[in-house]
Enquirer: 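Take this structure first; my questions come after.
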There are 2 protein chains.
Amino acid sequence: MTNPLVRKLEGLTPLGDKDRQVLGSLPMTTVTRRAGDMLIDEEEQPSQVHLLIEGWAFRHKALPDGRRQIVGYLIPGDLCDIHVFVLKRMDHALSLLSDATIGLIEADTMIGLIDEHPRIARALTWSTLVDEATLREWLVNIGRRDPYARVAHLLCEMWLRMRAVGLAADRRLDLPLTQTELGDTVGLTPVTVNRVLQRLRREQLITLSDRVLTILDAPGLMQASDFNADYLHRDQNLGSRR
Amino acid sequence: MTNPLVRKLEGLTPLGDKDRQVLGSLPMTTVTRRAGDMLIDEEEQPSQVHLLIEGWAFRHKALPDGRRQIVGYLIPGDLCDIHVFVLKRMDHALSLLSDATIGLIEADTMIGLIDEHPRIARALTWSTLVDEATLREWLVNIGRRDPYARVAHLLCEMWLRMRAVGLAADRRLDLPLTQTELGDTVGLTPVTVNRVLQRLRREQLITLSDRVLTILDAPGLMQASDFNADYLHRDQNLGSRR
DNA sequence: CGTCCTTTTGATCCGCGTCAAAGGGAGTGG
DNA sequence: CCACTCCCTTTGACGCGGATCAAAAGGACG
C-alpha cells in the first residue's frame, strides 16, 4: 500500500518523483491507538506532528455543559496538527472513531520537509486551505439548511473524500459514525438524525448499516443536499486521476 | 496612521524594523468602493490580492433559494484573498458593509514579500490559521449555542478583534451590521436577533444603536456567551501590547 | 446471560420561524 | 421644506419542526 500521505497530497497538486520518494521514506514512528481514545486534548502543545495512517478521527470542541460540537473529520493521510508549528496551542481536541495507526513525525523533520520541497509545501498549504473552505461549507450547512439536507450533505462530502484517497470502493465506504456523532456534527439531536436517515433510506438515496454507507443515488443525494463540490478544490489541472 | 496591515501582523507575532519598513512601503494601488458593493464574486479568479485598508467587508455563500450564510468578517488590515495563490478560485463571495478603501497588490509583489521576509510569511500563516480557528468556533456557536449566547458571542469577538487593531476606543466600536446580517451570520432570523438584542440591552450588557456598539459589562457578556478568547490565538510571547 | 451502547419509536411541548404590520430615520425629489 | 420612498427596527400572533423525555428493541461483548 502506498503511503496515505502521498496518496492524499497527490490528489491535490502534482508531485515529482523525488517528492514521492521523500514522503515515502519519511522518518516516523508508528503507534496504534484504540477507538474512543483522545489523541490530543484541547490546550495541548504537541511536540510531534501526528499523521493519521489508518482509521478515522475527529476534531471537537467541548461546551461547559458537557455537550460538544464536532468541527472536522480526519481520514487516512490527514495530518492532525501541522498548525501547532505556528500557533503552538490546540484550540480543540482530537479523538479516534476507530482503532487507528498514527505516524509521529518530529517537528524538525517536518520543517525540513517543507523547507526543501516546495511542491510538498504547496500541497500542505492547499490541504490547509481546503480544510478552511470545508469549515465555511459546514457553516452554511448548519446555519441555513434543514436537517434532511444537512445530513445528506455530510454524507456526500465523506463519500467524495474517501473516494479521493481510494477508500471508497465505488459507492460503498466505511462510515464509523454513530447517529449521536452525526448529530454533534450538524447541530441536531440523535433522534432527528435517525429520522432523517430513515427518510434517506426510504427514498432510496442511501443504505447505511453496520458502519457501511452505500450511496444508491448520488445525483439524488447531491440534489437533496444542495451539494456543490467546488469547495473541496480538487485540482482541475490534475486531469483524470491516476 | 500606521499601515493597518502592519498593525494587524504585529498583533500576531513580532516583526523586525525591516519587516515594518517593507510592509509600510508595499507597492499597491488604492481604490475606494461603496457600501453594498460585491468586491469579489464566488468562482472568481482574482489576479491581485485585495487588502482592506478602511471599512468593513464580509465573506458569504449564497443558497439556491436566495438566502445566504455569512462566513466571515474583515476589518482594516485583513487580506481578502491570499488563498487564491494556491486555490485559484474563490469558493465564496466578498462584499462591503461600508464604504471602503482597498489596496490592490500584485501577485508577484506578494510572492516576493513572502519569499524574502520569513517573519512576515509566518505572520500571514498565523493569520490564516486564526481564521480557521475562528470558523471552528463559529461552528460551535451556530451548532450548539442558543440564540442569546450566539449573538453575544459574536459581539464579544468583534469587540476583541476591533480592539486588537486599535479600532475600539475602550468599549465602543463601530458595528455596521444590520440585524438581518447578524442573523445571516449566526443562523437566526432578524426577528429573533432583534429580541435577543433587546434582552442584552435590558440586562445592561450592551448598548447598540446607530451602528455603534458599546460593551457595558464585558465579563457579563462573555459569561452569557461562554466566550473563551483562546481561539483567537493572540500571541502570549508578545507581552503587554503597547 | 447480563450489561452496555446504539438504534428506533412514540408522545409532548415550546422556541423560533413565519407572517404581518407599524414605527422610525435617512435620503431624495418636487 | 415637506412628501414620499426605502430600509431597518420593533412588535404581535400563530403554527410547526425539532428538542426533549421516555422506553423498547437490537447487537456486541464479556
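Protein chains get the first letters and strands the later ones, always in sequence-line order, with residue 1 at the start of each. Worth knowing before you read on, the calculation uses all heavy atoms, side chains too, and leaves out hydrogens, waters and symmetry mates. Note that this is a predicted model, so its numbers are computed, not measured.
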Enquirer: Could you encode protein contacts along nucleotides 6-25 of chain D as a string, one character per nucleotide from 5' to 3', using B for base contact, S for sugar-phosphate-only contact and - for no contact, with a heavy-atom cut-off of under 4.0 Å?
Expert: --SSBBBB----SSBB----
Enquirer: Could you tell me the boundaries of the chain A footprint on DNA chain C, defined by atoms under 4.0 Å from its heavy atoms?
Expert: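 In short, chain A contacts DNA chain C from C/dT6 to C/dA11.
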Enquirer: Is the number of heavy atoms from other residues, nucleotides or ligands under 6.0 Å of A/E42 CD greater than 12?
Expert: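 Atom CD in A/E42 is packed in, count exceeds 12.
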Enquirer: For A/V71, is there any backbone N or O sitting under 3.5 Å from a side-chain donor or acceptor partner on A/R59?
Expert: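 A pair under 3.5 Å: no.
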Enquirer: Looking at every non-hydrogen atom in both residues, tell me the closest pair between B/H60 and B/S95 and how far apart they are.
Expert: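 That would be NE2-OG, 2.7 Å.
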Enquirer: Using atom types as modelled and distance alone, determine if a side-chain donor or acceptor of B/R144 lies under 3.5 Å from a backbone N or O of A/R68.
Expert: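 Answer holds: yes.
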Enquirer: Measure the acute angle between the ring planes of A/H153 and A/Y231, then classify it against the limits of 30° and 60° as parallel, tilted or perpendicular.
Expert: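 A/H153 vs A/Y231 ring planes: parallel.
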Enquirer: Check nucleotides 27-30 of chain D for protein N or O atoms closer than 3.5 Å to its own N or O atoms and list the pairs.
Expert:
none

Enquirer: When you compare the side chain of B/L200 with that of B/Y148, does any pair of heavy atoms fall below 4.5 Å?
Expert: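 Yes, close enough: below the 4.5 Å cut-off.
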Enquirer: Ring of B/Y73, cation from B/R161 - is the NZ or CZ under 6.0 Å from the centre and inside 45° of the axis?
Expert: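 Output no; distance or angle outside limits.
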Enquirer: Ignoring hydrogens and geometry, is there a side-chain-to-backbone donor-acceptor pair from B/W126 to B/H233 under 3.5 Å?
Expert: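 Side chain of B/W126 to backbone of B/H233: a pair is present.
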Enquirer: Counting only heavy atoms not in B/Q223, do more than 12 sit closer than 6.0 Å to its CD atom?
Expert: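 Check fails, neighbour count at 12 or below.
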Enquirer: May I ask you to check whether B/E137 and B/T134 show a side-chain donor-acceptor distance below 3.5 Å?
Expert: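 On atom types as modelled, these side chains do not qualify, holding no pair under 3.5 Å.
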